[in-house]
Structure formats: structure tokens, C-alpha cells
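The first residue in the sequence is number 1, and the count goes up from there. Just so it is clear, the structure is predicted and the values come from calculations on it, not from any experiment.
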Amino acid sequence: MKNIVVLVSGGGTNLQALIDAQESGIIKGGNITCVIASKEGAYALERAKKHNIKGIVCPRKEYPDSVSYSKEILRLLQEEKADLIVYAGFMIILDEMVSRAYPNRIMNVHPALIPSFCGKGFYGLRVHEAALEKGVKVTGATVHFANEVCDGGPIILQKAVDVLEDDTPETLQRRVMEQCEWKILPEAVSLFCQDRLEVVDGKVHIRSK
């Protein structure tokens, strides 16, 4: 069984989707063994506690720069013997030392169809505001491997939803979460834990069972 360590910053809705998928048997070949939060009081830690998952607080504010913080995160990941790291609403950009230590072993979910509405400055509600401003007819979510480029790693899975005429950024955000993020993130994690993902020339190939 692979050890899955989830990094969080806030409420942990994507973490909850992973926990639910794990408990229902959707995630095969791995278990969430630890949740690391970037700040105290993150509700995601309460979610972990309710399901007897170890929680660690590593407050970003206690470190003077990204490098020193990233060193501590890397130390914790190694201490927890992480096989897969999942960014689930983790709002901190880590130094590339972390992605280099875990190549194609860090996953992130982004609330848009990469390469649209991604990169620096595109997070949270801003992603959906931009999609509505552009007038796109479909949007969705992307699970990708994280590297030193913001939202730039190889794409694993994508799922789309229609944009409705009366959508607000808030309604669109909710639908993308429920119909896309909470579906494809656990699926991607399960594929990784079953050793069914292979990266060749920057592209992810999914092996058959």
C-alpha cells in the first residue's frame, strides 16, 4: 500500500472527497496516512481527525522564506515516507527542491481545463470569474503532476461541465467542484497507487489493468 500525504491550507473539501473515496473503496492500493496544513486552525485538520488520520501543522508564517519552509515540508514528507503527495487546496508555492525530490509523485487539482485559466494569479474564485468574463461554453477541472512551473506539470485527467447562462462565479465553482474535482482527483490518486500512470515525453499515459 502506498502512503498518501495530503497538503492543505483551508477547509479541505477536496481532502474530504479523497477520504470518502478511500472509505468507499474507490482508491485502491493506497491510504491517506497524513495531512499537513500550512496554517493553524485549518478545518481540513478536523476532517482528518474525524477519520483518525494523522494531522501536522507546519505554519508558513513561522518561516522567513520559501526555501526554509520548503526544506521543512520536504523533511516532513520524507519522515512520513510519502509515496504520493496531493495538493488539496494547498495555497503555498513550494521551492522546486520539493518537486525535484518527488518527480511525478505530486498531484494537484486545478479548477479549469488547463492550459486555460491557469498559472500565476489563477486560484480560487478568480479562475471562475475569468472563465465567465471570457464567455467560454465549457469549463471543468484538471488533475496534473505538479512541478516547478505553476500549473505546468503533465496532465493526468480532465473533466468538463457546461457553463450555464445564469452562472455566477460561485455557482460555477460549486458545480466544478462537485462534478469534476471531487470525481477525478480520487480517480487519479487510485490510478497512481495502482501503478497505472506513466509519463513519457511530458505526457501521461494510463495503462490498462
Side-chain angles (χ1 to χ4, degrees), residues 1-102 104-111 123-125 141 143-147 150 153 156 173-174 177-178 181-194:
M1 296 290 281
K2 289 182 169 57
N3 295 331
I4 304 165
V5 177
V6 183
L7 273 57
V8 300
S9 293
T13 53
N14 280 322
L15 169 64
Q16 189 65 55
L18 289 170
I19 292 172
D20 293 345
Q22 176 175 289
E23 294 183 348
S24 64
I26 291 172
I27 296 176
K28 297 177 173 60
N31 283 313
I32 302 168
T33 55
C34 182
V35 172
I36 301 175
S38 65
K39 59 183 179 181
E40 295 178 4
Y43 186 68
L45 291 170
E46 292 299 315
R47 296 180 190 272
K49 185 178 180 180
K50 288 178 183 177
H51 296 269
N52 298 312
I53 298 169
K54 180 179 180 180
I56 297 173
V57 180
C58 185
R60 173 64 181 90
K61 65 181 181 180
E62 293 184 5
Y63 295 81
D65 51 44
S66 175
V67 172
S68 59
Y69 185 71
S70 298
K71 282 181 180 178
E72 178 60 14
I73 290 290
L74 183 56
R75 185 191 70 78
L76 290 171
L77 293 172
Q78 292 168 340
E79 188 176 85
E80 294 300 321
K81 297 179 171 56
D83 295 303
L84 174 65
I85 300 141
V86 180
Y87 294 166
F90 186 64
M91 303 305 293
I92 309 296
I93 297 177
L94 297 174
D95 185 83
E96 61 187 33
M97 71 175 76
V98 180
S99 59
R100 287 180 177 176
Y102 292 92
N104 298 323
R105 292 169 61 193
I106 304 174
M107 280 186 191
N108 181 53
V109 60
H110 182 73
Y123 60 90
L125 211 57
V143 178
H144 64 96
F145 284 119
N147 59 19
C150 183
I156 302 167
Q173 180 185 53
R174 187 71 189 179
M177 280 196 301
E178 293 177 347
E181 295 179 51
W182 297 350
K183 304 291 185 183
I184 61 174
L185 182 57
E187 182 182 352
V189 167
S190 185
L191 288 169
F192 178 93
C193 291
Q194 296 175 72

**Request:** Identify the two heavy atoms, one from Y87 and one from N108, that lie closest to each other, and give their separation to 0.1 Å.
**Result:** CB-OD1, 3.5 Å
**Asked** Just by modelled atom types, is the M97 backbone N or O under 3.5 Å from a matching donor or acceptor in the D95 side chain?
**Response** yes
**Prompt:** Between R174 and E178, is there a side-chain N and carboxylate O pair less than 4.0 Å apart?
**Reply:** yes
**Asked** Backbone N or O of Q78 within a donor-acceptor pair of the K81 side chain at under 3.5 Å?
**Response** no
**Item:** Y123 atom OH, over 12 foreign heavy atoms within 6.0 Å
**Value:** no
**Message:** I need the minimum non-hydrogen distance between S38 and S9, along with the two atoms involved.
**Reply:** OG-OG, 2.8 Å
**Asked** Do Y69 and E62 have side chains that get closer than 4.5 Å, going by heavy atoms?
**Response** no
**Message:** Go through it in stages, so that I can follow the logic: the residues are V57 and K39, the test is side chain to side chain contact (heavy atoms under 4.5 Å, CB included), and I'd like the CA-CA distance, side-chain angles, deciding distance and then a yes or no.
**Reply:** CA-CA 6 Å; V57 180; K39 59 183 179 181; 6.0 Å; no
**Flag side-chain contact, heavy atom, 4.5 Å: L74 against K71** = no
**Prompt:** About how many Å separate CD1 of I19 and NZ of K50, when rounded to the nearest 0.5 Å?
**Reply:** 10.0 Å
**Message:** Check E46 with K49, please: is the shortest side-chain N to carboxylate O separation under 4.0 Å?
**Reply:** no
**Prompt:** Between R105 and A82, is there a donor-acceptor pair closer than 3.5 Å when you use the side chain of the first and the backbone of the second?
**Reply:** yes
**Request:** Any chance you could measure N31, atom CG, to L18, atom CG, to the nearest 0.5 Å?
**Result:** 12.0 Å
**Message:** I need the minimum non-hydrogen distance between I106 and S99, along with the two atoms involved.
**Reply:** CD1-CA, 3.7 Å
**Asked** Do Q194 and S190 have a side chain donor and acceptor closer than 3.5 Å?
**Response** yes
**Fill in**
CG (L7) and CG (L94) are apart, to the nearest 0.5 Å, by 7.0 Å
**Asked** Do side-chain atoms of D83 reach the backbone of N3 as a donor and acceptor pair under 3.5 angstrom?
**Response** yes
**Residue pair V5, L84: steps toward the side chain to side chain contact (heavy atoms under 4.5 Å, CB included) verdict** = CA-CA 6 Å; V5 177; L84 174 65; over 6 Å; no
**Item:** K183/E187 salt bridge by N-O under 4.0 Å criterion
**Value:** no
**Request:** Measure the NZ-CD distance between K28 and Q22 for me, rounded to the nearest 0.5 Å.
**Result:** 12.0 Å
**Any donor-acceptor N/O pair, R47 side chain to Q16 backbone, under 3.5 Å** = no
**Request:** Nearest 0.5 Å please: distance from the CD1 atom of I27 over to the CE atom of M1.
**Result:** 9.5 Å
**Request:** Would you mind listing every side chain to side chain donor-acceptor pair (under 3.5 Å) that reaches into residues 52-61, with sequence neighbours excluded?
**Result:** K54-E80
**Request:** Taking atom CG of L125 as the centre, report whether more than 12 heavy atoms of other residues, nucleotides or ligands fall under 6.0 Å from it.
**Result:** yes
**Request:** Apply side chain to side chain contact (heavy atoms under 4.5 Å, CB included) to the pair W182 and D20, showing each step before the final yes or no.
**Result:** CA-CA 10 Å; W182 297 350; D20 293 345; over 6 Å; no
**Message:** So which atom in I85 and which in Y102 form the shortest heavy-atom distance, rounded to 0.1 Å?
**Reply:** CD1-CG, 3.5 Å
**Prompt:** Is any side-chain heavy atom of I53 less than 4.5 Å from a side-chain heavy atom of T33?
**Reply:** no
**Gap between atom CG of L185 and atom NE2 of H110 - 0.5 Å precision** = 14.0 Å
**Request:** Taking all heavy atoms of C34 and all of I36, pick out the closest pair and write down the distance.
**Result:** SG-CG1, 4.0 Å
**side chain to side chain contact (heavy atoms under 4.5 Å, CB included) assessment of V35 paired with V8** = CA-CA 7 Å; V35 172; V8 300; 3.7 Å; yes
**Fill in**
Between A21 and P186 the two heavy atoms that sit nearest each other are CB-CB, 3.5 Å
